[in-house]
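Report on one structure; see the data block that follows.
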Amino acid sequence: MPIYEYRCQDCGKEFSELVEMEADNPDCPYCKSKSTIKLISKIAGSKSGCEGCESSSCSSCGSAS
């Protein structure tokens, strides 16, 4: 089962939930509202360069790869 990110439309808090792919959106664990929306997840991938930014040579932190 995948982990999905949700946001409650009533209290605005975000939470993660382990759910089946075809399952309905879970209730908010904070306020128990049924008005939750699934968020678009970021894609994990490899990145080269600075751990704090996307560049291969960072002038902000002085890192270079």
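- Partners of Glu20 according to the side-chain contact (heavy atoms from CB on, under 4.5 Å) rule, which considers only residues two or more places apart in sequence or in another chain, are Met1, Ala23.
- The stretch residues 9-18 participates, sequence neighbours left out, in these salt bridge (Lys or Arg N to Asp or Glu O under 4.0 Å) pairs: Arg7-Glu14.
- In this structure, Asn25 has no side chain to side chain donor-acceptor pair (under 3.5 Å) partners at least two apart in sequence or on a different chain.
- In the hydrophobic cluster analysis, where Ile, Leu, Val, Met, Phe, Trp and Tyr join through side-chain heavy atoms closer than 4.5 angstrom, Val19 is grouped apart from Ile37.
- Using cut-offs of 30° and 60° for the angle between ring planes, the Tyr30 and Phe15 rings count as perpendicular.
- No more than 12 heavy-atom neighbours from other residues, nucleotides or ligands sit within 6.0 angstrom of NZ on Lys34.
- In this structure, the side chain of Thr36 does not engage the main chain of Cys28 through any donor-acceptor pair within 3.5 Å.
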